[in-house]
Amino acid sequence: MNTFESSIPLIHNSVNIMTPFLLAAMGGLFTELSGMLNIALEGLMLFGAFFSVVFAYYTGSLFFGVLLGITVTMALSLVFGSITLYLKANVFITGLATNLFASGFTVVLAFHLFGNKGVILFQDLPELPKLTIPLLQKLPFIGDLFINHNIFVYLSWLVVIAAYLVIYKTPFGMHVRGTGLNARAIKSLGLNPRKYQLSAILISGFTCGLAGAVLTLNLGAFIPNMTSGRGWIALVVIYLGNRTPLGVLIASFIFGFAESFSNYAQGSINIPADFILAFPYLITVAALILHSMWKHYRVEAR
Amino acid sequence: MGLKKKNSELFVNTIGLLITLGIAFFLVIILIFILSDEPGKTIYYFLIGPFINKYYFGNMLNSAIPLIFTGLGIAVAFRASMFNLGGEGQVYAGGLAATVICLALPSAGALVGIFLAVLSAILVGGVIGGLSGFFKMKWDTDELISSFLFSAALILIINYFITGILNDPNSNLLTTPLISDKYFFLYIFPPSRLDISIIFALLTAILVFFFMFYSKWGYEMRMCGLNREFSRYGGINTAKYIVIPMFLSGGLHGLAGSISILGTYHMCLKGFSGGMGWNGIAVALIARNNPLAVIPAAIFFAYLEAGAKAAMLHSDITFEIAAVVQSTIFYLITAQALYNFVRYRKRVEV
């Protein structure tokens with residue numbers, strides 16, 4: 001991150017930091033709308049992180065790395081989804097299973113492939129392409145928000161637009177939302193609600209795979225359990241965003257900003273690193289509680 | 001009729017469990033064949049390792065002790081339809097609380113010190129768990145997510161204390177100083193680390209069993225778990241049974257932490273509780289939330305981990321392979337279709 005080029009690094013970094021949240025939350029939004037709390041975001045993201053960097057390393061190509069990483073992540077989401085829906089298992093428990101599996105399996109494979117259970121550095125990875133428009137990126141705020149980011153940031157915005165269009169403007173999106181509101185009504189239309197739930201889970205596999213790729217390819221390294229709660233924060237982001245794509249985008253930015261600010265604070269005030277790491281969890285749980293309070297009193301006021 | 005039905009449910013559950021375990025072990029054996037250069041040896045240690053000597057066997061039983069407590073903690077919450085995903089942090093916090101009490105009271109009587117350490121661990125764990133219950137009761141905050149987030153934040157903050165102000169400068173481990181040796185639990189199966197607290201764990205399981213099935217609180221709690229609306233019409237104070245199960249669940253997790261400190265670690269080692277919370281969930285699920293069945297389920301999970309550790313020590317596979325078995329169990333243990341299939345087959349036979 002070349003912070004010298006932007007006038008407000010705080011905002012510029014927020015956009016970078018929010019990207020994995022935004023992607024994971026956008027996929028989670030589909031499962032949420034189809035009526036399932038998707039705890040597996042964390043594990044799916046971790047899978048995407050591991051496999052995209054490993055495939056990028058072996059193929060020497062970012063494109064194939066991301067493509068194969070997403071494919072493997074979607075395969076895991078298929079396992080998660082089909083066991084949940086067709087074997088009728090509890091979605092929380094299978095979600096935990098997915099997280100547990102991803103966390104263990106990536107370490108087992110890392111140990112097998114690289115003989116290492118710690119940080120794995122991938123040296124000569126191709127660099128992420130960036131959009132640079134020297135004239136515009138000097139603009140305060142606008143330049144920081146929109147210019148000089150890596151390709152994933154722009155991809156994530158495309159995903160938001162696509163999600164908006166799919167959810168509100170296509171029959172498929174209507175049916176996904178209908179499944180969450182009333183699965184029986186969908187059934188009475190001669191449609192299969194489970195099909196829409198499985199599609200939603202596969203979409204979350206896709207976006208989480210991409211979110212994971214953002215983490216590792218940005219860093220050029222894999223660290224065991226490097227998603228460190230981002231999937232859970234993404235879950236809360238969905239609630240705070242009022243379960244709409246635009247809301248999720250705004251909520252992600254607020255979280256990105258909070259984390260960017262805490263990184264910045266770390267530089268100027270002497271706060272212990274563990275507290276900085278705990279900060280995202282604390283702010284997330286505080287936001288979750290405030291959100292439920294707001295909902296509670298709004299219902300009561302009616 | 002009632003008894004017959006109960007027996008046939010037990011049969012279905014047992015067969016379903018065996019199928020689940022069969023698939024889990026099948027998958028891990030395939031994985032070992034792919035990953036290991038000497039699969040025969042790896043599989044031998046993975047399956048038989050925990051039984052090859054007294055040391056491994058005793059240590060396996062010892063690592064079942066915290067899982068009995070955490071499994072009970074999860075089962076209590078599940079019975080009331082509450083999810084406590086904060087077990088990891090609650091165990092850790094209980095362990096830290098017990099250590100701090102022991103370090104603060106170097107000259108107390110052994111029993112007084114142990115009593116205070118265990119009590120504070122239960123209270124600390126209980127308050128953390130109860131907090132998620134409180135928010136759920138008050139504003140309907142999802143306890144599943146909030147308990148996880150509390151725990152995740154807490155783990156990092158506890159790490160800060162262990163590596164910071166409570167750190168033992170004379171040790172090259174990331175840990176607090178050693179507690180006074182008069183607080184150590186008695187070893188009962190040398191040379192292994194199995195200590196007297198296993199008896200305490202068994203008694204706790206029995207106590208929780210009687211609490212759940214033979215006390216008013218336990219009854220009302222289970223009713224709330226079955227149908228909260230119905231219980232409210234029946235005159236049960238349902239709000240109370242959102243906080244109490246979460247408090248008890250957290251308290252049992254805290255207890256697990258303190259027992260591990262007093263019995264096994266004797267100091268609060270950074271990350272000592274890793275996995276105890278998650279495994280507690282699996283233990284409770286295998287035991288179908290029956291407090292007495294938690295005991296064999298915990299021993300089974302301890303066996304899995306011990307097997308994976310033995311395979312790592314004697315062969316070329318890493319310990320995390322246990323997670324593959326564990327996650328397969330998580331995937332299939334609640335799969336209704338599997339049990340319906342068994343039910344169907346049984347009906348056809350009859």
Side-chain angles (χ1 to χ4, degrees), chain A residues 37 39 42-43 79-80 83-84 86-112 117 224 228-229 232-233 235-236 239 272-286 288-297 299, chain B residues 31 34-36 83 85 131-132 135-136 138-142 144-164 275 278-279 281-282 285 308 312 316-341:
Chain A
L37 181 63
I39 293 180
E42 176 87 8
V79 172
F80 162 56
I83 292 177
T84 309
Y86 294 99
L87 291 182
K88 297 187 187 122
N90 180 317
V91 66
F92 300 135
I93 306 296
T94 51
L96 285 183
T98 308
N99 294 342
L100 199 68
F101 178 74
S103 152
F105 191 65
T106 48
V107 174
V108 169
L109 268 191
F111 182 71
H112 182 71
K117 295 203 311 191
S228 55
W232 294 86
I233 295 172
L235 269 184
V236 178
Y239 284 135
D274 286 316
F275 278 54
I276 298 287
L277 290 172
F279 184 68
Y281 294 114
L282 290 173
I283 187 170
T284 310
V285 75
L288 180 73
I289 293 165
L290 286 174
H291 177 72
S292 57
M293 276 170 82
W294 178 73
K295 251 175 82 180
H296 180 83
Y297 291 117
V299 170
Chain B
L31 199 65
I34 297 171
L35 298 179
S36 176
F83 270 85
L85 288 194
L131 211 56
S132 289
F135 290 128
K136 170 87 172 182
K138 205 93 177 114
W139 301 301
D140 201 27
T141 312
D142 194 327
L144 184 136
I145 302 181
S146 77
S147 61
F148 172 82
L149 291 170
F150 276 131
S151 147
L154 207 64
I155 289 171
L156 293 161
I157 292 169
I158 294 172
N159 281 346
Y160 164 73
F161 284 115
I162 292 178
T163 56
W278 297 125
N279 287 339
I281 297 175
L285 288 169
M312 180 166 80
D316 61 348
I317 211 89
T318 172
F319 163 69
E320 282 79 2
I321 193 112
V324 175
V325 188
Q326 290 166 352
S327 52
T328 311
I329 294 172
F330 265 101
Y331 269 129
L332 297 177
I333 196 80
T334 63
Q336 284 310 311
L338 201 68
Y339 297 93
N340 289 338
F341 176 72

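In the text below, chain A, chain B and the rest are named by the order of the sequence lines, each starting its count at 1. Values in this document were obtained by computation on a predicted structure and should not be read as measured data.
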Identify which part of [X] has an atom lying under 4.5 Å from any heavy atom of chain B, answering side chain, backbone, both or neither.
X: A:Leu277; result: both
X: A:Lys295; result: neither
X: A:Ile93; result: both

Tell me, out of [options], who's got the most heavy-atom pairs with chain B below 4.5 Å.
options: A:Tyr281, A:Trp232, A:Tyr239; result: A:Trp232
options: A:Ala97, A:Ser228, A:Pro280, A:Gly104; result: A:Ala97
options: A:Phe105, A:Trp294, A:Phe279, A:Phe111; result: A:Phe111

Among [options], who wins on heavy-atom pairs under 4.5 Å with chain A?
options: B:Thr318, B:Asp142, B:Ile329; result: B:Thr318
options: B:Phe330, B:Phe148, B:Phe150; result: B:Phe148
options: B:Leu149, B:Asp316, B:Leu154; result: B:Leu149
options: B:Ala323, B:Ser327, B:Ala322; result: B:Ser327
options: B:Ile157, B:Asp140, B:Ile145; result: B:Ile145

Side chain, backbone, both or neither: which part of [X] has an atom under 4.5 Å from a heavy atom of chain A?
X: B:Thr328; result: neither
X: B:Leu285; result: side chain
X: B:Ile281; result: side chain

*asked:* When you compare the side chains of A:Thr98 and B:Tyr331, does any donor N or O come within less than 3.5 Å of an acceptor on the partner?
replied: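 The criterion, which ignores hydrogens and geometry beyond distance, is satisfied for B:Tyr331 and A:Thr98.
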_Classify the ring geometry of A:Phe92 against B:Phe83: parallel below 30°, tilted from 30° to 60°, perpendicular beyond 60°._
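Rings of A:Phe92 and B:Phe83: perpendicular, as their planes differ by over 60°.
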Locate the shortest heavy-atom distance separating [X] from [Y]; write the atom from each residue and the value.
X: B:Glu320; Y: A:Val107; answer: CD-CG1, 3.5 Å
X: A:Met293; Y: B:Trp139; answer: CG-CD2, 3.1 Å
X: B:Thr141; Y: A:Ser292; answer: OG1-OG, 2.6 Å
X: B:Ile321; Y: A:Val108; answer: N-CG2, 3.5 Å

*Decide yes or no on side-chain contact (heavy atoms from CB on, under 4.5 Å) for A:Ile39 and B:Leu144, but give the supporting numbers first.*
CA-CA 10 Å; A:Ile39 293 180; B:Leu144 184 136; 3.4 Å; yes
*Between B:Leu35 and A:Leu109, is a side-chain contact (heavy atoms from CB on, under 4.5 Å) present by the stated rule, with each step listed?*
CA-CA 8 Å; B:Leu35 298 179; A:Leu109 268 191; 4.3 Å; yes
*Quick one: are A:His296 and B:Lys138 in side-chain contact, heavy atoms under 4.5 Å?*
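A:His296 does not reach B:Lys138 side chain to side chain.
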*Does any non-hydrogen side-chain atom of A:Ile276 lie less than 4.5 Å from one of B:Leu156?*
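They are not in contact (no side-chain heavy atoms under 4.5 Å apart), so the answer is no.
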*Supply the atom-to-atom distance B:Trp278 CH2 to A:Leu100 CG, rounded to the nearest 0.5 angstrom.*
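So the CH2 of B:Trp278 and the CG of A:Leu100 are separated by 8.5 Å.
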*Taking B:Thr334 for the side chain and A:Ala89 for the main chain, is one N or O donor matched with an acceptor at less than 3.5 Å?*
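No, the answer is negative, given that no donor and acceptor are paired below the 3.5 Å cut-off.
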